[in-house]
Amino acid sequence: MAVGSAVSSPLGPAACDKDAKALQFIEETTRNADLVQERVLAEILARNAHTEYLKRFNLNGATDRDTFKSKLPMITYEDLQPEIQRIANGDRSPILSAHPISEFLTSSGTSAGERKLMPTIQEELDRRQLLYSLLMPVMNLYVPGLDKGKGLYFLFVKSETKTPGGLLARPVLTSYYKSEHFKTRPYDPYNVYTSPNEAILCPDSFQSMYTQMLCGLIQRNQVLRLGAVFASGLLRAIRFLQLNWTQLVHDLKTGTLNPKITDPALKETMTHILKPDPEMSNFITKECSKEDWEGILTRIWPNTKYLDVIVTGAMAQYIPTLDHYSGGLPLACTMYASSECYFGLNLNPMCKPSEVSYTIMPNMAYFEFLPHDPNSARWTARDSPPKLVDLVDVEVGKEYELVISTYAGLCRYRVGDILRVTGFHNSAPQFHFVRRKNVLLSIDSDKTDEAELQKAVENASQLLKEFNTSVVEYTSYADTKTIPGHYVIYWELLVKDSANSPSEEVLSQCCLAMEESLNSVYRQGRVADNSIGPLEIRVVKNGTFEELMDYAISRGASINQYKVPRCVNFTPIMELLDSRVVSTHFSPALPHWTPERKR
Ligand code: AMP
C-alpha cells in the first residue's frame with residue numbers, strides 16, 4: 001500500500017490495508033453487537049457445558065440467553081474462592097473451564113489482603129492480542145505519520161510465583177510481555193518501540209527503567225509518543241530521570257554502560273545501541289540541570305505528539321502533574337481492560353480526558369450490566385435482585401456495574417467497575433469509567449477500601465495503648481503532589497495523660513504499623529515498585545473533626561445522618577484539616593512484602 005493513499009473505512013480513512021481490516025472488524029463487530037454477544041454466550045456455554053460449575057446449575061446443554069439468565073446467579077470473587085483454591089492447589093479437572101487453565105493472572109484487586117487470582121486459558125492471549133491490534137489503526141485516524149518515528153513506552157514485568165499446584169501466578173501484562181505474541185511480534189512501522197525487549201523483560205526494575213530511559217534519550221528525536229500503562233507509571237519515569245540523569249548523561253557521553261546494569265542479555269543488547277554522543281549528553285545535562293522541570297518532556301522529546309497513558313478513573317488525579325511536565329500535550333486513553341478480561345477501546349483517543357468513553361467490544365466476553373443507582377439503598381437478600389441488562393440494551397446517561405462471563409469460565413462475575421453510558425457506536429454502547437466500587441485510596445495500582453483502612457488504623461493504634469492514648473477520629477487523603485504519591489492519614493487523638501503522650505518515634509512506628517496492615521498490592525508498590533511513598537500521619541488538634549462536621553452541616557448535610565468521611569479530597573476540607581495539624585510523621589521503613597502469597 002503506497003504511503004499517503006488512504007483506504008476508506010466508516011471510521012475514517014485508514015492509514016494502510018492492515019488498518020483498514022482492523023477498522024472494518026470494529027465496524028462489523030459493533031454493528032452486529034447483539035448477534036456477536038449471542039454467539040459468544042453460546043460458545044462459552046457449549047464448550048463449558050461439562051464443567052463442574054455449569055453442571056451445578058442444570059443448564060442441560062442449553063446455550064441460550066433466557067436459560068442462562070434464569071439459572072445462573074451473579075457472583076463475586078469470594079463466591080468462587082473455593083473453586084479457585086482447588087485449581088491453585090493442582091486440581092486439573094474441568095472445574096470452571098473445559099480448556100485447561102494455563103495460568104493465574106494476579107489482579108490488583110485484592111481479597112483478604114492478597115491479589116485475586118484470575119484463571120485464564122491459553123487462547124485468551126489471542127483475544128487480548130486482537131484488542132491490542134485495533135489500537136494503532138484507530139490512533140492513525142487521528143494522528144498521521146506515526147510510522148515516521150517511535151514510541152517511548154515504559155513497560156515492565158513484575159515478579160511471578162507458582163501456586164501450590166504449580167500454575168504460574170503473575171500480572172496480566174507480565175504474562176503478555178513474556179508471551180510469543182509480544183516477543184516475536186512482526187515488524188509494524190506504526191508500532192515501533194525505543195525499548196528493546198530485553199529491557200522490558202528484565203525483572204530488575206532499576207535495570208529495566210534505566211535502560212528504557214537511556215534508549216529513549218538516545219533516540220529522542222525519533223520519539224513521537226510517550227507512554228506507560230497508567231499515568232502513575234509515566235510520572236515514576238520522570239522521577240527516575242530526576243534522580244538518575246547524571247549517570248545517564250555520563251553513559252551518553254562516554255558510550256559506556258552504568259555498571260549497575262548487570263543482566264547479561266540487556267548488556268549485550270545495549271552494546272549495539274549505546275554510542276558516545278557528547279553533544280546529546282550536553283543537551284540533556286543542560287535541560288535536566290535547570291531548576292524548573294516544567295515542560296521537560298517536550299524539551300527532551302520535542303517531536304512527541306501525545307502521551308499514551310490511562311488518566312481515567314483513579315488516574316485522573318495525575319492530569320495536572322502530567323500537564324505540568326508535558327506543557328499540556330494531549331493525553332490519549334486508548335483501552336479499558338482487566339485481569340479478568342480485556343473489555344474495549346476508545347474510538348476517539350485524542351479527546352479530552354474528561355470525555356473519554358470506551359466502546360466495549362462484543363467479541364471479548366459476554367457482558368451484562370447491573371443497574372446502579374447511587375442514591376437507592378442496597379437491595380437485601382429478600383428483594384429479588386435487579387435484572388441484568390444486555391450490552392445493547394443499556395440506556396444513555398444511566399450507570400451500571402459491569403458483569404462478565406468469560407471464555408475462561410467466569411460466569412456472571414461482578415468486576416466491581418461502575419460505568420456510565422455516554423452513547424453508542426453502531427449498536428455497541430460506549431462507557432465513561434465512573435469508578436471502581438469500594439476504593440477509598442489509590443496511588444498506583446493499589447486499591448485500599450474502607451475496611452482495610454479501618455483495620456490498619458485499629459492495628460496501628462494498638463501502639464498507643466501504653467500511652468493511654470486512642471484515635472478518636474480519622475480520615476485519609478491520597479497525596480499525589482509528590483512523586484511517588486503517598487497516603488496521608490489525619491488522626492485526632494485523645495491523650496489521657498499528657499505527661500506520657502506518644503513520642504514522635506511511636507507515631508512514626510504507627511505509620512509503619514498501618515503500612516504492614518495494608519494489602520499486598522500496596523506493600524508491593526512500596527517495596528518492589530517504589531511507586532508509593534512512605535505513609536504519613538498528620539495529627540490534628542482536638543475538635544478538628546467536630547469542625548469538619550460543622551462545615552458539612554453548613555453545606556446542607558443532615559446532623560442525624562452525618563458520618564465522618566474516611567477519605568477527603570475537597571479543597572476547603574483539606575485546607576481546614578491542614579490548618580489544624582499539630583505534628584506530621586512518616587513511616588521510617590519499608591513494610592514487609594515478598595512475591596509469595598500468604599495463601
Ligand atoms: P487489574 O485487574 O489489576 O488489571 O485491574 C483492572 C481494573 O483497573 C479495572 O477493573 C478498572 O477498575 C481499572 N482500569 C482498567 N483500565 C482502566 C481505564 N482505562 N480507565 C480507568 N480504570 C481502568
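Keep in mind that what you see is a predicted model, and the values were worked out from it rather than measured. Positions are given from 1, in the same order as the sequence printed here.
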| said: With a 6.0 Å cut-off (strictly less than), is the heavy-atom count around NZ of Lys18, excluding the residue itself, greater than 12? | reply: no
| request: Report yes if the side chains of Asp529 and Ser205 come closer than 4.5 Å at any heavy-atom pair, otherwise no. | output: no
| request: Provide the closest heavy-atom pair for Tyr342 versus Met364 in the form atom of the first, atom of the second, distance. | output: O-CB, 3.2 Å
| query | Do Phe369 and Leu391 come close enough that some side-chain heavy atom pair is under 4.5 Å? | reply | yes
| message | As a quick check of understanding, evaluate side-chain contact (heavy atoms from CB on, under 4.5 Å) for Leu370 and Met74, giving each step before the final call. | response | CA-CA 10 Å; Leu370 178 65; Met74 187 168 60; 4.0 Å; yes
| Ring centre gap for Phe343 and Tyr358 strictly below 6.0 Å | no
| Within the 6.0 Å centroid threshold, strictly below: Tyr400 and Phe367 | no
| request: Going by the salt bridge (charged side-chain N to carboxylate O under 4.0 Å, His left out) test, name the single residue among Arg412, Arg420, Arg436, Arg414 that passes it with Glu401. | output: Arg414
| message | Treating Lys305 as the side-chain partner and Pro144 as the backbone partner, does any N or O pair qualify as donor plus acceptor under 3.5 Å? | response | yes
| Would you say the side chain of Val309 lies within less than 4.5 Å of the side chain of Met315, judging by non-hydrogen atoms? | no
| field | Polar contact flag, side-chain donor to acceptor under 3.5 angstrom, Glu452-Asn519 | value | yes
| Quick one: are Leu105 and Glu124 in side-chain contact, heavy atoms under 4.5 Å? | no
| N/O donor-acceptor pair under 3.5 Å between Gln222 side chain and Thr194 backbone | no
| Test of ring centre spacing under 6.0 Å for Phe68 and Tyr366 | yes
| request: Run the salt-bridge test on Glu103 and Lys178 with the 4.0 Å N-O cut-off and return the result as yes or no. | output: no
| Are Tyr190 and Cys16 side-chain neighbours, meaning at least one heavy-atom pair lies under 4.5 Å? | yes
| Are any side-chain N or O atoms of Ser232 and backbone N or O atoms of Asp444, one a donor and one an acceptor, separated by less than 3.5 Å? | no
| query | Any sub-3.5 Å donor-acceptor pair from Gln212's side-chain atoms to Leu155's backbone N or O? | reply | yes
| said: I'd like to know whether Phe424 forms a side-chain contact (heavy atoms from CB on, under 4.5 Å) with Val396, so could you lay out the CA-CA distance, the side-chain angles of the two residues, the decisive distance to 0.1 Å, and finally the verdict. | reply: CA-CA 8 Å; Phe424 280 81; Val396 173; 3.9 Å; yes
| request: Keeping the roles fixed (side chain from Arg115, backbone from Arg170), state whether a donor-acceptor pair exists under 3.5 Å. | output: no
| Side chains of Asp417 and Tyr336: is there a donor and an acceptor less than 3.5 Å apart? | yes
| message | Cation-pi check for Phe154 against Arg236: NZ or CZ below 6.0 Å from the six-membered ring centre and within 45 degrees of the axis, yes or no? | response | no
| message | Does the Lys NZ or Arg CZ of Arg185 fall within the cation-pi geometry relative to Tyr193 - under 6.0 Å from the ring centre and within 45° of the axis? | response | no
| Should the ring pair Tyr522 and Tyr487 be called parallel, tilted or perpendicular, given that the plane angle runs from 0 to 90° and is split at 30 and 60? | tilted
| request: Using modelled atom types only, decide if a donor and an acceptor are shared between the side chain of Ser179 and the backbone of Tyr176 within a distance under 3.5 Å. | output: yes
| request: Check whether any side-chain N or O of Thr359 sits under 3.5 Å from a backbone N or O of Asn346 as a donor-acceptor pair, and report yes or no. | output: no
| Donor-acceptor pair, Ser102 side chain versus Thr120 backbone, under 3.5 Å? | yes
| Going by heavy atoms in the side chains, are Ile404 and Tyr413 under 4.5 Å from each other? | yes
| Test item: side-chain donor near acceptor, Lys447 and Ser108, under 3.5 Å | yes
| message | Quick check on Lys71: does its NZ atom have over 12 non-hydrogen neighbours (other residues, nucleotides or ligands) under 6.0 Å away? | response | yes
| request: Please answer whether the main-chain N or O of Pro302 pairs with a side-chain N or O of Thr298 as donor and acceptor at a distance below 3.5 Å. | output: no
| said: So does Lys183 get a backbone contact from the side chain of Asn197, meaning a donor-acceptor N/O pair under 3.5 Å? | reply: yes
| remark: The side-chain contact (heavy atoms from CB on, under 4.5 Å) partner of Pro429 among Val394, Thr30, Leu419, Asp393 is Val394
| query | Taking atom types as modelled and ignoring hydrogens, do the side chains of His425 and Glu27 form a donor-acceptor contact shorter than 3.5 angstrom? | reply | yes
